[in-house]
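Worksheet: one structure, shown below.
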Amino acid sequence: MTRTTGILADRAIDALFGEGRLKSEAPLDADQVQPASLDLRLGSKAMRVRASFMPGREHKVADKLERLTLHEIDLEDGAVLETGCVYIVPLMESLDLPQDMSASANPKSSTGRLDIFTRVMVDHAQEFDKIPAGYRGPLYLEISPRTFPVIVRRGSRLSQIRFRVGHSLLSDTELLDLHQAETLVASEVPNVSGGGIALSIDLKGSGPDGLIGYRGKHHTSVIDVDRKAAHDVLDFWEPLYSRGRDELILDPDEFYILVSREAVHVPPLFAAEMTPYDPLVGEFRVHYAGFFDPGFGHASAGGAGSRAVLEVRSHEVPFILEHGQVIGRLVYEHMQERPAGLYGTGLGSSYQAQGLKLSKHFRTG
């Protein structure tokens, strides 16, 4: 069954290319189309700019780049992007959306876990990561590594985009009904409000040492975003352990990898997204990479028990997190149809059936 509204699934994304609604300057990678999203690829050059900016209703991104670019960087053979700097990269993909179709973007999971702050921009935009219905034109990615310098190149995939037709968000009532039928989060008493279902933090720890998370180190070597299992964990991360108090003080502007207490489930006919920042739960930002694809945590897709790994950064003041504290909310949307492939089923999914886990760039053994 296909709905008239909802998030586009993989087959419909493929069809957008066939119809010329999605274009790319090079053939697609074999795994670029995901169950409910499309990975976006960096183009051949990056512009280091003086500061982040918004194009605004009257301007194209290229117009602002002419004034704000400090220098241009060739990405064909790879280049280092430094921490604390802001870069704008034209993407290989461009859009010609129908009038009833909009889109939104988010960092990929691995991008968020490396503390690379990314946002998609389009011409005449007044919001980051939001592409209005009927948009026709190029896509740009703002990149700002926060903790580690990174190597990127033409074709690197740091961000992803979802396409939607009409209103697709579930209401509180629909969310509660779906949770009762499918168990969206492993909680006896689901906390649903504002169209989202709450996740809380696990600070009791796992394993014999009570590992609760990791804190990013400063002044490290570079991370190649396209190389898996290439780096030693302890060169980049300080492990954090439970000391019996079930709490953690977040230091301002430090970057943490933590994990949800609850397992998360995204049924095949739905897609989910974590709200990146909720001032009602504390002065911190959680989960830079917000997309959860259909099939995440789904038992038949090999994901039973999958928990949400959380990228956390405190704002301005120290903040005490306690075990079981609400740290964010998941919103769910209808898919237009069931994807041909679910997350974790032969798609190279790196984080199915996960607990506390760093990005795929680090060696686990």
Side-chain angles (χ1 to χ4, degrees), residues 1-19 21-22 24 27-41 93 95 97 101-113 120 129 131 157-166 168-170 175 178 181-185 197 263-274 287-309 330-354 357 359-360:
M1 184 182 75
T2 302
R3 292 171 50 93
T4 56
T5 61
I7 301 292
L8 269 64
D10 42 19
R11 284 175 291 232
I13 295 172
D14 283 328
L16 290 178
F17 280 100
E19 298 163 1
R21 297 292 188 176
L22 260 171
S24 179
L28 292 181
D29 297 340
D31 60 346
Q32 194 173 343
V33 178
Q34 299 295 317
S37 61
L38 172 74
D39 290 351
L40 299 171
R41 297 175 294 180
E93 290 73 34
L95 302 179
L97 295 180
M101 185 180 297
S102 62
S104 60
N106 240 314
K108 288 176 59 64
S109 294
S110 295
T111 306
R113 295 186 200 193
V120 169
D129 287 333
I131 297 90
R157 290 145 57 174
L158 301 182
S159 188
Q160 54 194 344
I161 189 169
R162 273 185 179 169
F163 304 92
R164 60 176 54 78
V165 175
S168 55
L169 279 171
L170 275 67
L175 200 54
L178 182 62
E182 298 277 4
T183 310
L184 302 180
V185 299
I197 188 166
V264 173
H265 176 214
V266 184
L269 289 175
F270 299 87
E273 180 176 357
M274 180 168 283
H287 211 77
Y288 289 41
F291 287 163
F292 289 77
D293 272 345
F296 182 89
H298 195 56
S300 64
S306 296
R307 292 195 283 168
V309 169
L330 283 172
V331 297
Y332 281 73
E333 297 183 75
H334 292 281
M335 295 292 296
Q336 278 197 327
E337 61 181 343
R338 182 186 173 108
L342 296 178
Y343 187 90
T345 54
L347 298 177
S349 308
S350 300
Y351 307 117
Q352 186 71 294
Q354 69 180 357
K357 187 175 183 181
S359 72
K360 61 189 177 183

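The chain is numbered in sequence order, starting from 1.
- Under the 4.5 Å side-chain criterion, counting only non-hydrogen atoms from C-beta, L342 is in contact with P294.
- Remark: the backbone N or O of S110 is not paired with any side-chain donor or acceptor of S359 at under 3.5 angstrom.
- Here the shortest heavy-atom pairing between P107 and G112 reads CB-N, 4.4 Å.
- Scanning both residues, Q34 and I13, for their nearest heavy atoms gives O-CD1, 4.5 Å.
- For the pair Q160 (side chain) and L38 (backbone), a donor-acceptor distance under 3.5 Å is absent.
- Here the closest heavy-atom approach between residue D10 and residue P339 is recorded as OD1-CA, 3.5 Å.
- Under the salt bridge (charged side-chain N to carboxylate O under 4.0 Å, His left out) criterion, R41 pairs with D29, E93, not counting sequence neighbours.
- The CG atom of L269 sits 14.0 Å away from the CD atom of E333 when rounded to the nearest 0.5 Å.
- Judged by distance alone, with hydrogens and angles left aside, the side-chain atoms of D129 form a donor-acceptor pair with the main-chain N or O of V120 at under 3.5 Å.
- Atom-to-atom distance recorded for S102:OG and I131:CD1 is 8.5 Å, nearest 0.5 angstrom.
- Formation of a donor-acceptor pair under 3.5 Å by the S159 side chain with backbone atoms of N106 is found in this model.
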- Query: Between L22 and F163, is a side chain to side chain contact (heavy atoms under 4.5 Å, CB included) present by the stated rule, with each step listed?
  - Reply: CA-CA 11 Å; L22 260 171; F163 304 92; 3.8 Å; yes
- Task: Quick one: do R113 and K357 satisfy side chain to side chain contact (heavy atoms under 4.5 Å, CB included)? Show the steps, please.
- Result: CA-CA 9 Å; R113 295 186 200 193; K357 187 175 183 181; 4.0 Å; yes
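- Counting only distance, with no hydrogens or angles, the side chain of R164 and the backbone of Q336 share no donor-acceptor pair below 3.5 Å.
- R11 is linked by a side chain to side chain contact (heavy atoms under 4.5 Å, CB included) to E337, A340, counting only residues two or more places apart in sequence or in another chain.
- Counting only heavy atoms from C-beta outward, the side chains of L175 and V331 never approach each other to under 4.5 Å.
- Taking all atoms of both residues into account, the shortest heavy-atom contact from A36 to A271 is CB-CB, 4.5 Å.
- In this structure a side-chain-to-backbone donor-acceptor pair under 3.5 Å is present from H265 to E182.
- Y332 approaches V264 most closely through the heavy-atom pair OH-CG1, 4.1 Å.
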- Query: Is there a side chain to side chain contact (heavy atoms under 4.5 Å, CB included) between L184 and L330 once you walk through the steps?
  - Reply: CA-CA 9 Å; L184 302 180; L330 283 172; over 6 Å; no
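- Between D293 atom CG and F296 atom CZ the span is 10.0 Å, to the nearest 0.5 Å.
- Taking each heavy atom of T5 and G166 in turn, the nearest pair found is CG2-CA, 4.1 Å.
- Contact of the L170 side chain with the F270 side chain is registered, since non-hydrogen atoms from C-beta on lie closer than 4.5 Å.
- I7 places a side-chain heavy atom less than 4.5 Å from the side chain of S168.
- Looking at S109 and F292, their side chains never come closer than 4.5 Å, going by heavy atoms from C-beta outward.
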- Show the numbers, then the answer: is there a side chain to side chain contact (heavy atoms under 4.5 Å, CB included) between L16 and M101? CA-CA 11 Å; L16 290 178; M101 185 180 297; 4.1 Å; yes
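- Using a cutoff of 4.0 Å between basic side-chain nitrogens and carboxylate oxygens, R157 and D31 are scored as salt-bridged.
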